[in-house]
Every structure is written in structure tokens, then in C-alpha cells.
Amino acid sequence: MAVTPAVGTISAAAQDSSTMTDTLRISVNGTPHELTPDPRQSLLDVLRETLDLTGTKKGCNQGACGACTVLVDGKRVVSCLTLAAMHDGAEITTIEGLAKGGELHPLQTAFIEHDGLQCGFCTPGQIMSGVACIAEGHAGSPEEIRFWMSGNICRCGAYPGIVAAITDAAERA
Amino acid sequence: MQPDGTREAPAAAALASVGQSLPHDSAIRHVSGSAVYVDDIREPAGTLHVVPGWARDATRGRIVSLDLDPVRAHPGVVAVIGPADIPGKNDVSPALGDEPMFAEEEILFWGQPLFAVVATTREAARHAARKARIEVEDLPPLLTVEDALAADETVLPDYQFRKGSPETGLATASHLMEGSLRIGGQEHFYLEGQVSLAVPGEDGDMFVHTSSQHPSETQHIIARVLAVPDAAVTVEVRRMGGGFGGKESQANHWAAIAAIAARATGRPCKLRLDRDDDMIMTGKRHDFRVDWKLGHDAEGLLRVVDMRLFARCGYSADLSLGVVDRSMFHADSSYYYPDAMIHSRRLKTHTCSNTAFRGFGGPQGMLAAERMMDALAIRLGVDPLDLRKRNFYREGRDVTPYGMKVEEHATLHAIVDQLEESSDYRRRRQEIASFNASSPILKKGLALTPVKFGISFTLKHLNQAGALVHLYTDGSIHLNHGGTEMGQGLFQKVAQIVAEEFGVTLDKVKITATHTGKVPNTGPTAASSGTDLNGMAAKIAAETIRNRLVAFAAERYQVPPDAISFADNSVQLGERSMTLGELAREAHLARIQLSAAGFYATPNITWDRPSASGRPFFYFAYGAACSEVTVDTMTGEMRVDRVDILHDVGRSLNPAIDIGQIEGGFVQGMGWLTTEELVWDDRGRLRTHAPSTYKIPTASDVPEDFRVTLYASAGNPSPTVYRSKAVGEPPVMLAISVFSAIYDALASLNPGTIPDLDAPATPEAILHAVLSMKRSRAG
């Protein structure tokens, strides 16, 4: 009865192969980077291993668990399933970029208040996915949230807290 | 917007830290992405990456030749390690010596490592690992319970409990009934896979960061394979991204390979298993066949139970002794068996070695008992809840098949009675009957099932724990103990206990990583006992320091000891008040020791396995769940409509964490019994080795209406830490109510006929059961 929600599509520029060069210009959490990744490197590996942004987690490395979810130009993407080289010119937001000026994002606060976490390994992906879920307008009811968050596995089963946190943050947004 | 279920807890006790719903200790780091897991540790310069190599075409067979030259020739490869490169024993088993690090002569399951590649990048190591030329002479594998029974192959001797005279019981019971149930296993799917980083030091030392529930055992096994003293190896675990039993023994192998690689190359070595390799190579929850026979009277009161538990253990013993014992200990669920035979066989198959998984065999034994209740209720045409209550332990009918007396049966009765009332069971039973009468395709089912779970390791010596507490002269406190944090909130609960002892707020207590150099010879964080054991050890350590401070201050300030109190971040000495830091500084100048080790051993457990007698458990944790489901008889699809839970955690140390454990345990148990199906093909290859083929519950699978309440307990009658009760595993078994509710829905198709449903109740299994119910009706 569950359907996997659509994840963000890659940017138009990335689909045009003529724009692919050896140099990758991306902005991550507002900081511009000029990189020369191995063309086979996933966005996840570039974030974790080149940029040392280890908040984004590698759970299954095959796009099925959601732990590596980040925002690419505002849309949620499982970063293990997309090549970094496809995102020239993109703006990437990771869990490290969510807080502003030392203030947690309202969804981060809500995850703490509603105990939407246990081991914490899925949490960055859940929160990035939740931010997008709210922005997409898919957080109108707990039922809708459950459906549109079903691409992010929490093996600890903290779903009641996760859904409550997103419900709460959506109401405050 | 409608509330998404409810969570209710009794009002907090009159304590400052203990009993408060404080968030997980790492909550702010988890939501910020700054919590460091092993794979997030900044790699030391020159770190190499390790990948195990295996024979992708072999399940069981003799190794004829292994040519690793092509692996060595691959660019980036620094070393290739095989059995000959192990300085010590080629054995990573917990105890019995039956698990080689690398198979030497015979491959015993599909996925067994034969060697490991060490390379400058993980990618290079992965590609190289596939280049080995391996020749294997295939041997016929044993794959199923039936294969192993036919071959009479076991990993450990059979074991049984006998109570009274089961033979007489079966011969004289007025009514007999029998059946058989297959119970599937379960993949842990800890979101953080197995991972270790080994850093070699001077003089043969090895420091290993790993994700293990049992750092002491990891340490001992690394020492064994390196042929160094235990003291040369230090293992540290700050946190795990989930464990669930899958890192109790299963983390050792990978830590040991990383350490061997670090020794061989002299460089830091990291091994992080690829997810498919992780699922293929590591053990899972045991799958079972359970054959049962019971005798009962006309009212459904049990006279005798004969249960045969056949566990598929895989190629080695691992923890199967204790796991299957615990199945036997829970083969009674909450019911009194006047005479009983509980027999078990630990079958050897050529599959991964099954291991600990939250509940540790208990869920399988309990599921079989609940199946007996459901089947008997259908046969007698009575409400299953009435039959359950009739057979509950009670005064005079309170001795288990293993001879321990159930003392707290009043709690069991109170929980079930309260839940029956609060879930509106009787009215909904009527409504569901009318719904089913008028709904030809969709059928509803309802079940209320109990949980009684024994708390203590049944291997007695594991019931001990140590802690180390330092008070510094600025008043800050360093807290360390032998328990590991895997998301269950152990670190936070123990910190709350220590904060309570010193009367300080949690920010004064520094939680530190589990470290074999600080607290040695620990047991695993398992058996739900983490807080019971480590919380008590830390409390004892904190009390020791506090008592020294009290004795010192009483003399220095000439106040009676009972006029000294620790609260609100200050110490009250009669009329005088000072901070804990001020007192610590004065005590330090007076040469008072401000550090203490605490040690705790669980009292009142006397189990003797050889004679199957004594008391295995300190106490029982209780709970009950009422689940309502809808089954689509055209497709086999199933939806859980509503779940009500009432669960006993004694006096809660942290209601928010406890409720999280109950919700999460239930969801995980529901996955085990509904969607999570492990499939091995006829060549013994696991076909479900990725989340794409193995269905773990997601947010959309959680019951729409989910009501969790903590039982208003007067406190654990047994003297546990602050009279709390263990909470890690018991909630998994609350999910049996879902399985029973599905059974109830199926039974409505043809009243009086026993449905044929094994676990997990996937849509396929449900559809199969629906069709057989319809056939029996037609016949």
C-alpha cells in the first residue's frame, strides 16, 4: 500500500552534457567550491570525503534508505544515487547548513522536542527530507506526512516522533 | 489537524533528574549532523581501506585453490591478507572456536570471507576483491530445518525443560490438539553498517574504534587473532547507528580483520562493510519451526503442553545456546502449563550464523504460545482473550516450565484488564463481528496479547557491570561505564542517575565513550539490561565519591552528615551553601580521592543450566497490546488500523525514552511478523540482501491510530535502580497482537477452521491462508 515519493529531478543544466567539464562548481551550504571529482564519484562521497561534511550519512548506498538525503536546488535527492559531476552550478544544502546564525532550524528543534530520533543515524536524512516535505506542501496531515516521508527508513522505529515533529514544524512554518 | 496517536506517562517522581523526560544525550548533535560515528572520524594520514573477499559461486565446498595474484596486482592494493597472515588463532567466534576469520579448507556458507584486500581506497579494494581466482569443489549444503533434521546435524546439543509428567498429561487430558508454525528470521538493518577503524600503536598496541555492543569481547578477539595480551588492545565505542543485537557478536569479525590489516601494514585501516556484503555475511534472527501439542479440558484450561523448537542456527554456534534457551524460557508466554515438555534443537545449516536480535529468541517462543491460544480459541469458539485470561499465571498456578515462580502475576492481570477497558475491546469485538458479517472482501481482526519477559542474562556471569566516575575540582563530572549507546538512551539515563546523586544539572555530567581501558571485562549491552546494570554501577560509584565528600565536610564544617545535601547545583552544609566545585576543591586540598569505580552484580539469580533448575530472572517486565487490522481477502494486503499499548517500565527513569523504546520495539516487531521476509534460494544464496528486496517498516506502515501508555506502576518490586524496569526488548513482542489480529481476521472466513498462516504474514502468506480457508469452506 506504500508508494515511494518522487525525489527531486536533476537540474536542467546537469542534463545537458555539454556543460559537464572537469571542474565542478557547486555551492554547499552557501559556500562556493571548485572541485575536480572523479566523474564516477557520488554526490554523497564528495560531500563526506572531499568536503568533510560527514553529517550526511551512508546507510545503504543504493538509494533505498534515505539516510543520505540532501537538498539540491531546494529539492530532496538521495545523494548516494547521483553523481557529483551532474550538479555543476547547483546549490546543495546539507544538515550542517540548516541552522542559521547558531539558531537551529525549526524542524531540528521539533525533532528534539518530539523525540523524533533514537540512534540518530537516519536523523540528518529525515530532517532534510522533512524540510522538503513541508516545502513541497506535503505536510498537511500526519497521514500525508507518513506517505511522503516513506522513503526514509528509521530502523529504531521513531516514526511517531518524526511525524509529530514534521506536523508541528509545518504548522509553525 | 488530528493528533497522530497519543503518548501518556504518569507524572514524574519528586526527583530532579531521574524520572524526567529529557531528550537523548546526543539529540542536538543528531539533528545538527555533528554526532560522530566511526565512519565520520577524520581518517589519520595514510589510512588504508579493507574489503573482505569471498567466493560468489560457492555455498558449501572444499577450497581446491585460491589464487590471489590478480588481487595483489590490482592498482592501489597494498596488501592481501589470508589465513597465513594471522599471527594468532584463525578464530573470531565468541567462545567455541567454530568461526574462522578466513575459511581455510571448507566454505560453510554463501558469503564466508576467504581473504581481505587492503588498498589505498575503498573502491580499489572492492574491485580487487573480485579478482581472486577461486576453485571450489561443491558439497551439498544443508539449508532448511528439514535438511538439518534429516542429516541430524546440530551446532550444540539438544536441551529441554520437563515439568511434572507430560506423558501422563498427554495420556489423560480429555482433549488434545496439535499444530506447527514456521517463524521467519529478521535482518537487523542497523542503519549504520558494520564498521571499524584500527590504529596501530607502539609495542604491538592496537586502538580500535568500532560499532560494537560488546567492546570487551571485540578486544579479546582482536588480542586472540593478533596473539597479543588483552592489555595491548583498546576498543572504544562512542555510539552505534543502531545495534538491535546485530553488533553483539557480529561486530567482532570486522574489527579483527581491520586490526590484522593494521598490524600487517603498520598503517591505520578502516573496514566498512558494503550494505549487500553486510546483509549476506552477518547473522540474523533465528528462524524456527515449532511443533506443538497440548491437552486441555472442556473449558480450555491447559492440562499439558509439549513444544518442540527447531531453530535454524546456521553454520556455527555463535550465541545460539542462549538464544534458543530464551525461546524455551518464553514458550509459556504468560500461561500456566501444569505439565510441560519444552524441547529444543539447535540445527546446523550452511547459511550465515544466526545471532542475537532484540528479544534474543524470546519472541519466537512467545509467538508459538500465542498461536496455541489462538488456535485453541478458534477450536472452542471462544474469545481468544477469555481463553488467555483463563490460562494466565495466578496464585497457586504460578510455576513456570523451568521451575521459577511467577510472583508478580497481579501486574499482568492489572495491565490486561486496564487495556481491555481502555481499548474498548468488548465493544470493538462486537463491531468487528458486524463489520465482517456485512463486508465480503475486507475482513477485520482484533487481538489483545500479553507480554511477560524475563530480565537478566540467563548466562549468569554476564549479570555484572562496572562504572568509573571522576569529579573534577571545577565541579564537572566525567562519567564512564561498560554499557554502549545504540540509540536506546542508556547514556542519558545513566547520566540522569549520576546527576541525581550529586544534585547537579545534566550539563555538569560529561558522558564519555565506552572504553575497554576505563572499565574492563564488561558484558555486552544486551538482554535489555544496560540501564539495570550500568545505572546501578554508576550510582554506586557516585555514592562512593559523595560519601567521601560528606565525611570530609561534616568534619571540616562541624555539621552532622544528615544536614549535608546535594541539590540544585549546590551543596547545603547546615546553614552554609557552596557549589560542588568549591567543595571538590577543598576536598582535593585535603587529599580526598575524587574518583571512584562502581561495581554491580545482579542479586537473586541462581539458574543452573545443567540441572535446569534455579531462578534465571531477577524479575519480569510486563505489557499488553491490542491491535486491529483489516485484511483484503482479494489481494492479501493488510493494514494495521489501531494499536493500544499499556506497558510496564516500573518507575520510569525517563518516560520519553521509554515510550520511544515501546513504539520503536513494536514497529520493529511488526516488521518481523508482517513485511520482513528473508529468502534463500535453493542454492543457499540469500536473495534479499538489500533494502530494495527486504521490506522494513516505513512511516507509512505505522498504525494510523497508535496509543502508547506507561502503566502506572508503584515501582519494580525487585530492588532495581530507582525501581525501574528494563525496556529494550519486551516491546518487540507487543507486535504479536498484530499477527494474532490477522489470524482473527482469517478465522472469520470460516468459523471453527484453523487458518494456516506462518510468520511473516506477508500479503502472499495471507492470500495463501485466505485461499485455503475458502477451500476448506467449499470442501
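Keep in mind it's a predicted model, so treat the numbers as computed, not measured. The sequence lines fix the lettering, A, B, ..., with proteins before strands; numbering per chain opens at 1.
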Based on non-hydrogen pairs under 4.5 Å, which of [options] is most in contact with chain B?
| options | answer |
| --- | --- |
| C60(A), P124(A), C154(A), A67(A) | C60(A) |
| G120(A), G55(A), C156(A), G59(A) | G120(A) |
| A158(A), C119(A), G157(A) | C119(A) |
| Q108(A), E49(A), R40(A), H105(A) | Q108(A) |

Whether [X] side chain and [Y] backbone form a donor-acceptor pair below 3.5 Å:
| X | Y | result |
| --- | --- | --- |
| Y159(A) | P697(B) | yes |
| R275(B) | N61(A) | no |
| Q118(A) | G660(B) | yes |

Side chain from CB out, backbone as N, CA, C, O: work out which of these in [X] comes under 4.5 Å of a heavy atom of chain A, or both, or neither.
| X | value |
| --- | --- |
| F244(B) | side chain |
| S26(B) | neither |
| I28(B) | both |
| E43(B) | neither |
| F491(B) | neither |
| E187(B) | backbone |
| S692(B) | both |
| R42(B) | side chain |
| A690(B) | both |
| V667(B) | side chain |
| D39(B) | both |

Stepwise side-chain contact (heavy atoms from CB on, under 4.5 Å) check, Q62(A) with D276(B):
CA-CA 10 Å; Q62(A) 45 193 273; D276(B) 294 89; 2.9 Å; yes
Please report the interatomic distance SG(C65(A)) to CD1(I696(B)), rounded to the nearest 0.5 Å.
9.0 Å
Any chance you could measure F121(A), atom CZ, to H30(B), atom NE2, to the nearest 0.5 Å?
11.0 Å
Best-contacting candidate, [options], against chain A by heavy atom pairs under 4.5 angstrom:
| options | value |
| --- | --- |
| R358(B), E123(B), R272(B) | R272(B) |
| G243(B), P763(B), P691(B), A656(B) | P691(B) |
| R7(B), R239(B), M670(B), R29(B) | R7(B) |
| M486(B), Q668(B), M279(B) | Q668(B) |

Dump the intermediate steps for side-chain contact (heavy atoms from CB on, under 4.5 Å) on D40(B) and K57(A), then the final yes or no.
CA-CA 9 Å; D40(B) 303 336; K57(A) 303 302 179 197; 2.4 Å; yes
Can you establish whether the number of heavy atoms outside H127(B) located under 6.0 Å from its atom NE2 is more than 12?
no
Candidate pair V36(B) and T54(A), rule side-chain contact (heavy atoms from CB on, under 4.5 Å), full reasoning:
CA-CA 8 Å; V36(B) 177; T54(A) 55; 6.0 Å; no
Under-4.0 Å salt bridge between E676(B) and R155(A):
yes
Heavy-atom pair of closest approach, residues [X] and [Y]:
| X | Y | value |
| --- | --- | --- |
| F189(B) | I153(A) | CE2-CD1, 4.5 Å |
| R146(A) | P703(B) | NH1-O, 4.4 Å |
| S150(A) | S700(B) | CB-OG, 3.5 Å |

If I measure from the heavy atoms of chain B, does [X] come under 4.5 Å with its side chain, its backbone, both, or neither?
| X | result |
| --- | --- |
| I162(A) | neither |
| Q126(A) | neither |
| I127(A) | side chain |
| R48(A) | side chain |
| L104(A) | side chain |
| E96(A) | both |

List in chain and number order the residues that pass side-chain hydrogen bond (donor to acceptor under 3.5 Å, both in side chains) with T531(B), two or more places apart in sequence or in another chain; answer none if no residue qualifies.
none
Can you name the residues that form a salt bridge (charged side-chain N to carboxylate O under 4.0 Å, His left out) with D115(A), not counting sequence neighbours?
none
In the structure I gave you, are the side-chain heavy atoms of S32(B) and I95(A) within less than 4.5 Å of one another anywhere?
no
